Engineer: 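Before I ask anything, let me first share the structure, which is written out below as C-alpha cells.
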Amino acid sequence: MTVLEKIRPMLMADGGNVDLVDVSADGVVKLRLTGSCGCCPMSQMTLKTGVEKILKQEVPEIKEIIAL
C-alpha cells in the first residue's frame, strides 16, 4: 500500500482525490487535488495540514508538497 492510498479515503469521503504528478530528487512532491478537493477553497489547508503531514511522517525524505 502506498502512502497516497492511505490518504485517498479521507479525500474521497468529501468527493475528492489526489494524483501524484512528480517527485524530485531534492524531496519536492507535486500533487494535484482532483474532484471536489480540486476546487475547494480549503484545498491548500487540506494539502498542508493533512496530506503533507501524513506524507512527511511516512516518508521523512520529503521536504515539501506543492499543489498543481
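This structure is a prediction, so every number in the text was calculated from the model and none was measured.
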Engineer: Output a table of donor-acceptor pairs, distance under 3.5 Å, between side-chain atoms of residues 39-47 and any protein atom two or more places apart or on a different chain; print 'none' if there are none.
Structural biologist:
residue, atom, partner, partner atom, Å
S43, OG, C40, O, 3.1
T46, OG1, M42, O, 3.3

Engineer: Taking salt bridge (charged side-chain N to carboxylate O under 4.0 Å, His left out) as the test, write out the residues that go with K48, two or more places apart.
Structural biologist: E52
Engineer: Under a single-linkage rule joining Ile, Leu, Val, Met, Phe, Trp and Tyr whose side-chain heavy atoms are separated by less than 4.5 Å, which residues share a cluster with M12?
Structural biologist: none
Engineer: Are I7 and L55 packed together at the side-chain level, in the sense that at least one heavy-atom pair is separated by less than 4.5 angstrom?
Structural biologist: yes
Engineer: Only pairs under 3.5 Å count here: list side-chain donor-acceptor contacts from residues 22-33, not counting sequence neighbours, and write none if there are none.
Structural biologist:
residue, atom, partner, partner atom, Å
S24, OG, D26, OD1, 2.2
S24, OG, V28, N, 3.1
S24, OG, V28, O, 3.4

Engineer: Filter on side chain to side chain donor-acceptor pair (under 3.5 Å), then keep only pairs touching residues 9-20, sequence neighbours left out; what's left?
Structural biologist: R8-N17
Engineer: Could you pull out all donor-acceptor pairs under 3.5 Å where a side-chain atom in residues 56-68 meets a protein atom, sequence neighbours excluded?
Structural biologist:
residue, atom, partner, partner atom, Å
K56, NZ, K63, O, 3.3
E58, OE1, K6, NZ, 3.2

